[in-house]
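Since the structure comes first, as structure tokens, the remarks are kept for the end.
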There are 2 protein chains.
Amino acid sequence: MTTQHDPQGEALTERQQAVLDAVLALMVEQGGELTMTAVARRASCSKETLYKWFGDRDGLLTATVRWQASKVRAGNYDRQRLDVSALRDSLIRFAANWLSVISSPTSIALNRLAIAQGGKGGKGAGNLGAIVLANGRFAIGERLRPVFEAGREAGLIAFADTETAFRSFIGLVGRDVQIRLLLGDRLDLAGPEIERDAARATDQFLALYGTGNHAPGRPTINA
Amino acid sequence: MTTQHDPQGEALTERQQAVLDAVLALMVEQGGELTMTAVARRASCSKETLYKWFGDRDGLLTATVRWQASKVRAGNYDRQRLDVSALRDSLIRFAANWLSVISSPTSIALNRLAIAQGGKGGKGAGNLGAIVLANGRFAIGERLRPVFEAGREAGLIAFADTETAFRSFIGLVGRDVQIRLLLGDRLDLAGPEIERDAARATDQFLALYGTGNHAPGRPTINA
DNA sequence: GGAGAACCGTAACGTACGGTACGGTGTTTT
DNA sequence: AAAACACCGTACCGTACGTTACGGTTCTCC
């Protein structure tokens with residue numbers, strides 16, 4: 001009630017960003033520990049400063065999640081030309097990017113944290129999960145929506161509900177990757193593997209929702 | 001080193017099962033708290049007994065996970081007749097069952113727990129995730145594998161690798177349900193909704209991997 | 001150059017919790 | 001009946017950790 005800590009504004013000092021990066025690094029390299037003392041030591045700052053800047057432990061965690069989310073916002077997946085090839089490329093590019101994000105150690109650690117304290121029926125910060133969801137899954141959906149709808153208006157793909165189609169796409173791309181990684185399964189997706197999975201998922205999606213005009217896998221000349 | 005606690009045998013007293021059920025109930029109804037004292041109070045037993053039976057906290061958790069897993073093993077998805085309709089029914093029945101399992105509060109709480117301590121780089125019990133994975137995701141895969149291969153041998157579906165096909169099926173069925181629930185998203189799948197999703201996913205899977213002989217929705221003359 | 005703020009490092013406090021010990025009670029065994 | 005056992009309830013111990021407090025150092029501003 002004294003002062004509002006981190007009042008939704010992105011007013012983060014260089015130093016503060018460095019501290020949050022230290023939190024991220026700590027989360028990644030040694031799982032769930034993450035004590036305030038460890039953070040202070042790692043970031044070479046005093047605990048007093050930590051509490052002054054972020055209020056309490058939950059404030060620090062929330063700020064960290066937001067900070068990471070603000071770093072991930074990436075490319076826009078243009079929808080200028082509207083032929084099948086361009087749509088397919090956009091989808092593949094998106095899928096590959098998303099796969100590499102969700103399989104990155106940072107994302108795994110962050111999701112693990114949000115899930116861990118997601119069920120704390122108690123008072124304060126049960127919203128980490130909501131923040132991750134809003135900045136991860138839902139932001140992604142909002143970003144891809146125009147691509148889907150442009151594809152539909154161009155008659156390349158057909159579906160009644162954009163959200164439903166999008167969720168099918170998500171399922172084909174991600175499959176059980178995220179839950180397995182969260183549960184500690186090895187299963188490191190290398191670069192080419194990601195690329196291959198992205199292409200497979202996209203082609204499957206187009207096979208399901210494509211209108212058949214210039215359907216992929218029915219090559220004119222190329223492959 | 002004194003005595004082996006719960007040595008892989010299912011030698012669980014009625015009373016012990018009741019204790020583990022109390023743990024499950026506690027996990028479900030109040031998220032991640034789960035202190036030994038709370039368990040003892042809830043189960044009306046002494047902490048001493050808890051430690052005598054399960055060794056330590058990790059032992060109790062592990063036993064709980066195993067206990068829940070042993071309760072879930074369900075139907076066998078017969079593969080007697082081998083026409084498309086029977087295959088489709090088996091798949092839908094499986095998908096609906098799996099959806100209802102992963103969206104159940106117990107499963108969510110259990111996965112949350114396993115994920116939460118899954119990254120504990122430390123010494124003891126980093127294997128909860130592995131246990132959940134082995135008894136959940138992988139057991140499911142092993143159980144459905146014969147169905148897939150029977151379908152392939154009957155010429156109803158075609159794929160190079162069973163695992164790959166299975167993972168596509170999993171993706172189409174589960175989509176982002178599990179991760180969203182774990183992150184605290186509301187999204188209660190009612191019975192009819194589950195049934196509908198199961199059918200949709202199965203039909204999509206058959207559209208992708210079906211050979212076209214009597215393909216569903218493309219009757220008799222096929223395409 | 002001096003006052004004050006910002007911050008680091010560390011010590012101190014309070015609490016929560018895993019784990020243990022102990023007395024009391026009911027049940028089984030001899 | 002007495003001893004042995006299994007168990008409940010509770011008190012107790014040690015530690016880890018969130019949070020606060022404080023002395024010392026650097027930087028800024030006048």
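Proteins get letters first, then strands, A, B, ... in listed order; numbering begins at 1 in each. Computed from heavy atoms alone, side chains included, the values below leave out hydrogens, waters and symmetry copies.
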> So B:Phe159 and B:Tyr209, would you call those rings parallel, tilted or perpendicular, with 30° and 60° as cut-offs?
Replying inline: perpendicular
> Which atom names give the shortest non-hydrogen contact between A:Val132 and A:Ala114, and what distance separates them?
Replying inline: CG2-CB, 3.7 Å
> Which residues satisfy the side-chain hydrogen bond (donor to acceptor under 3.5 Å, both in side chains) test with B:Glu29, sequence neighbours excluded?
Replying inline: B:Arg42
> To 10°, what angle do the rotation axes through the five end pairs on each side of the helix from C:dG1-D:dC30 to C:dT30-D:dA1 form?
Replying inline: 0°
> Among all residues two or more places apart in sequence or in another chain, which pass the side chain to side chain contact (heavy atoms under 4.5 Å, CB included) test with A:Arg137?
Replying inline: A:Leu133, A:Glu163, A:Phe166, A:Arg167, A:Ile170, B:Asp176, B:Arg180
>> Quick one: does any side-chain atom of B:Thr13 pair with a main-chain N or O of B:Gln16 as donor and acceptor, under 3.5 Å?
In response: no
>> For a quick check of understanding: with a heavy-atom distance under 4.0 Å over all strands, which category does B:Arg41 fall into, base, sugar-phosphate or nothing?
In response: nothing
>> Within the 4.0 Å limit for protein heavy atoms, which parts of nucleotides 12-21 of chain D are touched? Write it as a string from 5' to 3', B for base, S for sugar-phosphate only, - for none.
In response: -----SSBBB
> Does A:Arg15 put a side-chain nitrogen or oxygen below 4.0 Å from OP1 or OP2 of D:dC27?
Replying inline: no
> For A:Arg200, which residues count as a side chain to side chain contact (heavy atoms under 4.5 Å, CB included) partner, sequence neighbours excluded?
Replying inline: A:Arg175, A:Asp197, A:Gln204, B:Ser168
> Taking the side chain from A:Ser104 and the backbone from A:Val101, do they hold a donor-acceptor pair closer than 3.5 Å?
Replying inline: yes
> What is the distance, rounded to the nearest whole Å, between atom CG of A:Leu50 and atom P of C:dC7?
Replying inline: 11 Å
>> OP1 or OP2 of D:dC7 versus the side-chain N and O atoms of B:Trp53: is any pair under 4.0 Å?
In response: yes
> Of all residues at least two apart in sequence or in a different chain, which pass the side-chain hydrogen bond (donor to acceptor under 3.5 Å, both in side chains) check with B:Ser107?
Replying inline: B:Asn111
